[in-house]
There are 2 protein chains.
Amino acid sequence: MSNPFIRKLERFGLLSEADKEILLSVTTKVRRVGAQQDLISEGDPTDGVHLIQKGFACRYKVLPEGARSIMAYLVPGDLCDLHVAVLGRMDHSIATLSACEVITLSREVIEEITVNYPAINRALWWSVLVDEAILREWLVSMGRRSAEQRIAHLLCELLVRLQAVGLAVDNSYDLPITQADLADTTGLSTVHTNRVLQELRRHELIVFKNRSVNILDIERLKARAQFAPNYLHLEPKRPNGRSQSRDGYGGMIPPI
Amino acid sequence: MSNPFIRKLERFGLLSEADKEILLSVTTKVRRVGAQQDLISEGDPTDGVHLIQKGFACRYKVLPEGARSIMAYLVPGDLCDLHVAVLGRMDHSIATLSACEVITLSREVIEEITVNYPAINRALWWSVLVDEAILREWLVSMGRRSAEQRIAHLLCELLVRLQAVGLAVDNSYDLPITQADLADTTGLSTVHTNRVLQELRRHELIVFKNRSVNILDIERLKARAQFAPNYLHLEPKRPNGRSQSRDGYGGMIPPI
DNA sequence: CGGCATTTTGACAATCGTCAATCAGTGTGG
DNA sequence: CCACACTGATTGACGATTGTCAAAATGCCG
């Protein structure tokens with residue numbers, strides 16, 4: 001069973017068979033979307049929550065002069081807009097980077113799950129908070145890391161995230177995005193992005209060809225990027241699997 | 001009653017008298033902390049949640065070579081570490097920028113509030129999500145705005161946030177931080193930060209003296225910074241105050 | 001009046017951006 | 001099978017923004 005969504009949530013807390021069943025049952029209706037399509041636009045009201053099943057999407061904003069800023073990558077297993085369900089209005093847009101398979105979870109489904117399946121609810125909120133942690137790390141990259149470190153760091157992060165959902169083997173993974181996308185993610189120009197990638201290739205750290213990344217020397221790449229994966233909060237599940245809730249702060253997690 | 005915490009939460013949803021009472025009752029024991037003190041350090045486990053009552057604090061990380069990156073400002077009314085209560089471990093540190101008054105809410109208090117006061121619980125999660133939105137906007141600034149725009153944007157944001165808790169009058173507010181702090185926030189060097197501030201002063205947009213910001217022409221400053229406050233989600237409260245929960249996605253917000 | 005943190009300056013260098021071609025890969029229609 | 005068109009990658013020349021270093025000026029506090 002290679003459902004990336006379930007696979008991801010399992011890393012954030014043990015799920016029961018019933019949990020997995022309900023998750024499977026609500027993630028059957030897949031919609032195919034081409035590349036470069038908006039899934040949700042800034043200002044849109046909420047009409048359900050989108051789940052990426054296959055492909056890459058991103059959160060982004062476009063500034064008045066046309067510059068684009070990509071603030072997050074959404075990979076298989078990621079929910080795009082759980083927060084909108086709470087805040088009520090999008091303050092940014094979400095678009096596919098590659099062709100994607102997307103599942104829309106209706107408002108009712110989300111409520112059903114979060115109210116009646118506390119373990120899933122916890123895992124969902126955990127994932128929201130991890131997204132926030134990723135955002136913080138990206139901010140550090142933008143503020144205090146060189147262009148090369150930024151790109152290297154991002155490639156390390158994607159490796160770990162994709163491994164977590166079984167989409168990376170042998171330190172290689174599909175990265176179906178253009179250098180221009182990478183540039184808008186790292187705050188660089190496309191030209192400079194290109195040169196940095198060449199530099200990384202010259203040092204035999206990575207190869208990024210055919211929309212696929214191959215990391216040749218992960219240890220050296222991590223070192224160069226100062227990559228420490230703790231912010232992804234993917235440590236092994238806690239040993240004392242006290243079923244659901246009420247361990248620690250379990251009780252204070254609200255249904256969405 | 002000038003409790004910034006209550007004032008802030010009220011902007012995110014109507015609170016009943018009982019809500020306000022419980023909030024007041026748990027925010028009495030204030031601890032005074034000097035400037036430049038760590039409130040929580042990376043890796044720390046959770047031992048309650050910290051609330052800034054007075055003064056400025058920040059989230060930050062320090063990179064191996066010593067560079068510091070400030071990822072958030074915590075102003076009066078802000079909770080520092082609600083997420084740690086869920087994630088269990090800090091992936092960054094929090095320190096005071098100025099002398100502060102801090103309140104520690106114990107694990108028990110948080111659980112009591114979030115389980116039994118759904119309106120407060122909702123407002124708390126709302127504030128977590130707004131923090132995330134701020135992070136996204138900062139990322140945009142770092143990636144695609146010039147040094148001048150970054151600083152101008154930050155000053156606009158702080159005006160709005162401080163106005164929301166009654167700490168700004170006449171487009172002026174206390175900003176008890178140094179230019180070095182500002183530099184670590186915007187990803188610039190202190191030298192360049194200084195020059196940009198002079199530039200803004202020369203254009204008669206702001207004065208930043210004596211740890212106090214005076215915005216001389218807010219409209220012009222906003223225009224220059226491309227500041228649009230929608231990401232702060234401070235719009236007027238929804239008119240149909242259907243008491244608690246179950247309006248929209250109210251039901252899916254978990255107690256923390 | 002020191003002593004220390006912070007701000008300000010100047011000279012210079014490095015990183016990174018812009019502009020404008022060129023090259024390469026892919027897909028299409030003839 | 002090839003010309004053509006299109007998107008994306010790559011290059012070179014040049015310029016702008018921003019960083020570094022080191023010193024001087026200013027402000028604050030005991």
Side-chain angles (χ1 to χ4, degrees), chain A residues 34-37 56 63 65-70 95-99 141-154 174-202 206-214 224, chain B residues 34-37 56 63 65-70 95-99 141-154 174-202 206-213 224-225:
Chain A
Q36 322 296 339
Q37 303 298 312
F56 269 56
L63 297 189
E65 338 78 74
R68 180 177 62 155
S69 189
I70 292 180
T96 56
L97 290 170
S98 68
S141 278
M142 296 289 250
R144 290 290 182 232
R145 286 199 253 255
S146 68
E148 197 189 278
Q149 289 182 309
R150 275 190 272 216
I151 290 182
H153 197 280
L154 179 61
D174 283 343
L175 188 61
I177 68 174
T178 67
Q179 291 185 8
D181 295 328
L182 239 189
D184 288 342
T185 309
T186 48
L188 302 168
S189 65
T190 58
V191 172
H192 200 63
T193 300
N194 178 274
R195 290 184 170 132
V196 168
L197 286 173
Q198 289 179 52
E199 191 66 17
L200 290 173
R201 192 186 319 153
R202 186 168 320 121
I206 66 153
V207 181
F208 179 19
K209 273 259 178 213
N210 289 100
R211 313 266 132 135
S212 172
V213 170
N214 183 7
R224 202 173 263 245
Chain B
Q36 321 297 339
Q37 303 296 314
F56 270 57
L63 298 189
E65 338 78 75
R68 181 177 62 156
S69 188
I70 292 179
T96 56
L97 289 169
S98 69
S141 279
M142 296 288 252
R144 290 289 183 231
R145 286 199 253 255
S146 69
E148 197 188 280
Q149 288 182 310
R150 281 197 276 236
I151 290 181
H153 196 280
L154 178 62
D174 283 342
L175 186 61
I177 69 174
T178 66
Q179 291 185 7
D181 295 328
L182 240 189
D184 288 342
T185 307
T186 48
L188 303 167
S189 66
T190 58
V191 172
H192 199 63
T193 300
N194 177 273
R195 291 186 168 128
V196 168
L197 286 173
Q198 288 179 54
E199 191 67 17
L200 289 173
R201 193 186 318 152
R202 186 168 319 123
I206 65 152
V207 181
F208 180 20
K209 273 256 179 216
N210 290 98
R211 315 266 131 136
S212 172
V213 170
R224 199 173 266 244

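A, B, ... follow the sequence lines: proteins, then strands. Residue 1 opens every chain.
Nearer to the 5' terminus of DNA chain C, by closest-nucleotide assignment, is the contact made by A180(B) (compared with the other of A180(B) and G187(A)).
One interatomic measurement links the two molecules: CZ of R144(A) to C1' of dT18(D), which rounds to 11 Å at whole-angstrom precision. L197(B) has its CG atom 13 Å from the C1' atom of dT6(C), to the nearest Å. Computed from coordinates, the E65(B) CD to dT20(D) P distance equals 11 Å when rounded to whole Å. Separating the NE2 atom of H192(A) from the P atom of dA14(C) is a distance of 14 Å, rounded to the nearest angstrom. Note: CG (L182(A)) to C1' (dT10(D)) measures 15 Å, nearest angstrom. Put simply, CG on L188(A) is 14 Å from C1' on dT17(D), counting in whole angstrom units. As rounded to whole Å, 11 Å separates atom C1' of dT6(C) from atom NZ of K209(B). The nearest whole Å value for the distance from the CG atom in D184(B) to the C1' atom in dT6(C) is 14 Å.
Taking the side chain of V191(B) as heavy atoms from C-beta on, and the options dT11(D), dT6(C), dT9(C), the nearest nucleotide is dT9(C). Of the candidate nucleotides dG10(C), dT6(C), dT18(D), dG10(C) has the atom lying nearest to any side-chain atom of R195(B). Taking only side-chain atoms of R201(A), from C-beta outward, the nucleotide of dG12(D), dT10(D), dG17(C) with the closest atom is dT10(D).
At the phosphate of dC28(D), OP1 or OP2 sits under 4.0 Å from a side-chain N or O atom of N210(B). In terms of phosphate contacts, Q198(B) brings no side-chain nitrogen or oxygen within less than 4.0 Å of OP1 or OP2 of dT7(C). Between Q179(B) and dT8(C), a side-chain N or O to OP1/OP2 separation shorter than 4.0 Å is present. Residue N194(B) has no polar side-chain atom (N or O) positioned under 4.0 Å from OP1 or OP2 of dT7(C).
Using a 4.5 Å heavy-atom cutoff, the side chains of R150(B) and H153(B) are not in contact. Between L188(A) and I151(A), some side-chain heavy-atom pair lies under the 4.5 Å cut-off. Here the side chains of R68(A) and L63(A) are not in contact, with every heavy-atom distance at 4.5 Å or above. T185(A) is not listed as a side-chain neighbour of I177(A), based on a closest heavy-atom distance of 4.5 Å or more.
Judged by distance alone, with hydrogens and angles left aside, R211(A) brings no side-chain donor or acceptor close enough to the base of dG8(D) to form a pair under 3.5 Å.
The residue S189(B) sits close to a base: some heavy atom pair falls under 4.0 Å.
The two residues S98(B) and F56(B) have their closest heavy-atom pair at OG-N, 3.0 Å.
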